[in-house]
Amino acid sequence: DLDRRLGLSARIALDLIYAGDNEASRGEPARAREFYARAVAVYAAAGNSNGADSVRSRLDALGK
């Protein structure tokens with residue numbers, strides 16, 4: 001919430017990525033996918049295509 005109020009989109013995306021990583025390591029791929037998808041959206045909204053592509057690779061690694 002603090003990152004959002006300060007306009008720190010990259011930090012918000014990283015927080016979401018770390019949350020997704022945690023869920024993936026707990027064996028919760030569906031929850032991880034939700035966090036990663038939100039991180040992609042944040043990066044896309046910020047115009048950071050490299051960041052979005054990086055998170056998409058994590059999504060791909062989870063499988064379907």
Side-chain angles (χ1 to χ4, degrees):
D1 188 45
L2 179 61
D3 292 340
R4 186 176 331 144
R5 284 186 278 149
L6 294 174
L8 301 173
S9 58
R11 288 192 50 180
I12 293 168
L14 283 175
D15 289 344
L16 292 166
I17 291 167
Y18 296 147
D21 290 348
N22 287 335
E23 293 301 321
S25 68
R26 289 178 352 119
E28 297 288 339
R31 296 258 314 143
R33 202 171 284 110
E34 292 172 18
F35 284 113
Y36 292 151
R38 289 171 55 196
V40 168
V42 170
Y43 276 136
N48 185 337
S49 60
N50 289 336
D53 290 343
S54 173
V55 180
R56 285 187 191 102
S57 69
R58 279 181 158 84
L59 279 165
D60 292 343
L62 285 175
K64 300 276 176 184

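These numbers were taken from a predicted model, which means no experiment stands behind them.
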K.L.:
Minimum heavy-atom separation for L62 to A24, with atom names?
P.N.:
CD2-CB, 4.1 Å
K.L.:
Do F35 and N22 touch side chain to side chain, with heavy atoms closer than 4.5 Å?
P.N.:
no
K.L.:
Nearest 0.5 Å please: distance from the CZ atom of R26 over to the CZ atom of R31.
P.N.:
7.5 Å
K.L.:
About how many Å separate CD of E28 and CZ of R33, when rounded to the nearest 0.5 Å?
P.N.:
11.0 Å
K.L.:
To the nearest 0.5 Å, what is the distance between OH on Y43 and CD1 on I17?
P.N.:
4.0 Å
K.L.:
Hey, does the side chain of Y36 reach the backbone of D21 with a donor-acceptor pair shorter than 3.5 angstrom?
P.N.:
yes
K.L.:
Could you go through residues 45-55 and list every donor-acceptor pair under 3.5 Å that involves a side-chain atom there, pairing it with any protein atom two or more places apart or in another chain?
P.N.:
| from | atom 1 | to | atom 2 | distance (Å) |
| --- | --- | --- | --- | --- |
| N48 | OD1 | N50 | N | 3.4 |
| N48 | OD1 | G51 | N | 2.7 |
| D53 | OD1 | R56 | NH1 | 2.8 |

